[in-house]
Enquirer: 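Handing you a structure now.
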Amino acid sequence: MTTMTETSARFREFKMPDVGEGLTEAEILKWFVQPGDTVTDGQVVCEVETAKAAVELPIPFDGVVHELRFPEGTTVDVGQVIIAIDVAPGSGDAPAPAAAAPVQESVAEPEAEAEPKGRTPVLVGYGVAESSTKRRPRKGAAAAPEAAAVAAAVQAELNGHGAPAAPTPAPATAVPVQGGRPLAKPPVRKLAKDLGIDLATVVPTGKDGIITREDVHAAAAPAAPEAPAAVASPVAPAPAVAEAPAVVSDSARETRIPVKGVRKAIAQAMVGSAFTAPHVTEFVTVDVTRTMKLVAELKEDKDMAGVRVNPLLIIAKALLVAIKRNPEVNAAWDEANQEIVQKHYVNLGIAAATPRGLIVPNIKDAHDKTLPQLAQALGELVTTARDGKTSPAAMAGGTVTITNVGVFGVDTGTPILNPGESAILAVGAIKLQPWVHKGKVKPRQVTTLALSFDHRLVDGELGSKVLADVAAILEQPKRLITWA
């Protein structure tokens with residue numbers, strides 16, 4: 001799919017591109033340019049978020065920004081024009097930018113290039129998906145001004161702003177309907193659904209009989225003072241990233257946060273994993289005092305200068321050695337062919353908590369890396385994840401994962417497998433505890449490990465061997481040398 005069109009010799013349009021993820025839409029998180037700005041080929045003009053990651057989009061030509069078709073916070077289908085560029089500025093007066101009019105209910109559709117019948121464009125390397133959706137007939141030219149006005153109001157609502165103020169008509173005796181249902185914008189319909197309000201019972205006060213957000217609030221609690229329609233998400237946003245607005249009920253006793261983008265994809269993936277792969281979780285508590293001493297020594301080692309050394313580094317290396325000793329655990333289940341696919345490489349996933357939710361980028365070919373190389377890769381992975389810049393490619397192809405719940409002071413847990421992987425190791429908090437050491441009770445650094453695995457391809461014996469090997473290495477780190 002092309003990502004740009006040439007509307008004339010002077011103006012070129014850039015479409016929401018296929019970014020290689022198998023998805024059909026993306027949300028515009030932030031514009032880095034504004035109308036009148038000069039751009040060059042390869043310059044990043046905006047950041048978008050799909051269900052997998054945030055991605056920066058570069059413009060493929062030089063010129064001056066003529067028009068931004070969608071505001072920040074708008075979800076745009078792949079193939080829709082998002083920005084127009086004047087590639088020959090100064091050659092004459094440019095026409096005024098047209099108002100953006102994304103497709104919404106009861107609104108005329110914008111112009112779009114024809115797609116093959118029955119097929120929907122997708123964001124990616126998975127081809128196109130079959131679809132039975134039919135395009136709605138366009139409204140007549142006479143309805144265009146009214147449709148544009150409604151579209152502008154809809155977009156304003158989606159962007160978190162109210163529609164332009166309009167005189168309040170006398171209360172209606174009947175609710176205007178279109179197509180068998182009351183007139184309301186999509187955000188208002190969602191609000192009504194969230195509050196359990198039947199739109200057919202709401203008296204509209206908006207222009208042309210459209211039900212407004214205020215009407216829904218009034219129907220929900222006529223005698224109560226209206227609470228703000230939206231508040232900022234309680235989740236701290238990543239730098240330069242707009243979080244989805246949270247809808248607050250009239251009582252202000254609950255907050256509703258739209259599940260979208262990465263969070264929605266994670267939720268769906270975890271449900272699929274939990275109810276597809278039969279999970280088994282085993283636990284072991286281990287004395288890691290010697291590992292902690294090794295970490296302290298490595299921090300002073302000149303060969304580790306410039307890289308971050310922490311217990312997670314040694315745990316990751318211990319898991320890689322355990323996999324080398326028990327390679328059958330590094331596999332995947334092929335449901336279609338009813339086969340176990342043995343992997344001869346380890347792409348080590350590290351679960352990372354980010355403002356957009358939990359993501360699992362992985363270190364490619366981690367089994368081939370030296371300890372300094374592994375430390376550098378871990379540092380880069382964590383930094384990129386915290387900045388919200390993890391690419392889709394960095395999250396694809398994982399084979400096993402580590403999740404460090406100990407950073408939250410948690411002792412252990414029963415982690416859910418990352419979809420398509422065979423095992424996940426949870427690392428608990430490392431605490432000073434009384435421990436029998438050399439026949440005496442002494443204070444030792446102790447942690448609990450939990451290994452969840454797919455019982456279709458990893459039986460109890462194999463899972464136990466892997467977990468026992470990791471524990472043995474952390475208890476006696478010299479095994480990193482003798483077992484490697």
Side-chain angles (χ1 to χ4, degrees), residues 235 259 262-288 291-292 310-320 322-323 326 329-330 346-363 366 378 381-382 385-386 395 398-433 435 444-460 462-475:
V235 180
V259 178
V262 174
R263 292 181 188 274
K264 183 175 181 179
I266 291 168
Q268 293 172 340
M270 290 299 100
V271 171
S273 175
F275 291 97
T276 300
H279 285 56
V280 172
T281 304
E282 295 185 341
F283 308 88
V284 64
T285 302
V286 57
D287 177 2
V288 295
T291 288
M292 297 306 290
N310 56 24
L312 180 61
L313 171 62
I314 307 303
I315 294 167
K317 192 65 175 178
L319 179 57
L320 292 171
I323 293 172
N326 305 275
V329 75
N330 190 43
V346 181
N347 288 345
L348 181 62
I350 304 294
T354 75
R356 295 189 185 91
L358 184 73
I359 63 173
V360 189
N362 60 76
I363 300 171
L378 275 170
L381 178 148
V382 171
R386 286 176 178 172
M395 293 185 285
T399 60
V400 295
T401 291
I402 295 175
T403 179
N404 185 8
V405 298
V407 296
F408 306 108
V410 175
D411 291 332
T412 189
T414 54
I416 297 176
L417 293 169
N418 200 34
E421 299 183 8
S422 60
I424 179 171
L425 177 70
V427 182
I430 299 175
K431 299 178 179 180
L432 195 64
Q433 298 183 22
W435 192 263
R444 305 286 287 181
Q445 298 285 346
V446 177
T447 191
T448 299
L449 306 175
L451 183 73
S452 291
F453 49 88
D454 186 339
H455 214 340
R456 293 174 298 180
L457 49 91
V458 179
D459 59 25
L462 177 57
S464 299
K465 285 182 176 179
V466 172
L467 185 58
D469 279 356
V470 174
I473 293 171
L474 296 181
E475 186 175 16

Enquirer: Between K431 and G409, which heavy-atom pair has the shortest distance, and what is it?
Expert: NZ-O, 4.0 Å

Enquirer: For N310, enumerate each residue passing the side chain to side chain donor-acceptor pair (under 3.5 Å) test, keeping only those at least two apart in sequence or located in another chain.
Expert: none

Enquirer: To the nearest 0.5 Å, what is the distance between CZ (F283) and CG (D411)?
Expert: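 Between atom CZ of F283 and atom CG of D411 there are 11.5 Å.
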
Enquirer: Please report the interatomic distance CG(L319) to CD1(I402), rounded to the nearest 0.5 Å.
Expert: 5.0 Å

Enquirer: Let me know which of L462, V466, L467, V458 forms a side-chain contact (heavy atoms from CB on, under 4.5 Å) with F453.
Expert: V458

Enquirer: Which residue pairs pass the side-chain hydrogen bond (donor to acceptor under 3.5 Å, both in side chains) test when at least one of the two sits in residues 401-410, sequence neighbours left out?
Expert: T401-E421

Enquirer: Please name the pair of heavy atoms, one in P278 and one in D454, separated by the smallest distance, quoted to 0.1 Å.
Expert: CD-OD1, 3.5 Å

Enquirer: Applying side chain to side chain contact (heavy atoms under 4.5 Å, CB included), run through I315 and L425 and close with a yes or a no.
Expert: CA-CA 10 Å; I315 294 167; L425 177 70; 4.0 Å; yes

Enquirer: Compare every heavy atom of V286 with every heavy atom of A471, then report the nearest pair and how far apart it is.
Expert: O-CG2, 3.4 Å

Enquirer: Using the side chain to side chain contact (heavy atoms under 4.5 Å, CB included) rule, take V400 and S422 through it: C-alpha gap first, then chi angles, then the decisive distance, then the call.
Expert: CA-CA 6 Å; V400 295; S422 60; 3.9 Å; yes

Enquirer: How would you list, by chain and number, every residue that makes a salt bridge (Lys or Arg N to Asp or Glu O under 4.0 Å) with D459, sequence neighbours excluded?
Expert: none

Enquirer: Which distance, rounded to the nearest 0.5 Å, do you find between the NZ of K317 and the CG of L474?
Expert: 13.5 Å

Enquirer: Working to the nearest 0.5 angstrom, can you tell me the gap between L381 CG and M395 CE?
Expert: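 That separation rounds to 10.5 Å.
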
Enquirer: Please list every donor-acceptor pair under 3.5 Å in which a side-chain atom of residues 444-452 meets a protein atom from a residue at least two apart or in another chain.
Expert:
| residue | atom | partner | partner atom | Å |
| --- | --- | --- | --- | --- |
| R444 | NE | D287 | OD2 | 2.8 |
| R444 | NE | T289 | OG1 | 3.3 |
| R444 | NH2 | D287 | OD2 | 3.2 |
| T447 | OG1 | G428 | O | 2.9 |
| T447 | OG1 | A429 | O | 3.3 |
| T448 | OG1 | T285 | OG1 | 3.2 |
| S452 | OG | T281 | OG1 | 2.6 |
| S452 | OG | P415 | O | 2.8 |

Enquirer: Residues in side chain to side chain donor-acceptor pair (under 3.5 Å) with E475, at least two apart?
Expert: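 Testing E475 for side chain to side chain donor-acceptor pair (under 3.5 Å), a comparison that skips the adjacent residues, returns none.
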
Enquirer: Any side-chain heavy-atom pair from P311 and I430 closer than 4.5 angstrom?
Expert: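 A side-chain contact under 4.5 Å exists here.
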
Enquirer: Taking only residues two or more places apart in sequence or in another chain, which ones pass side chain to side chain donor-acceptor pair (under 3.5 Å) with S464?
Expert: E282

Enquirer: Distance check, rounded to the nearest 0.5 Å: I323 atom CD1 versus L348 atom CG?
Expert: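 CG of L348 is found 7.0 Å from CD1 of I323.
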
Enquirer: Please report the closest heavy-atom contact between V470 and A322, naming both atoms and the distance.
Expert: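 Heavy atoms of V470 and A322 come nearest at CG2-CB, 3.7 Å.
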
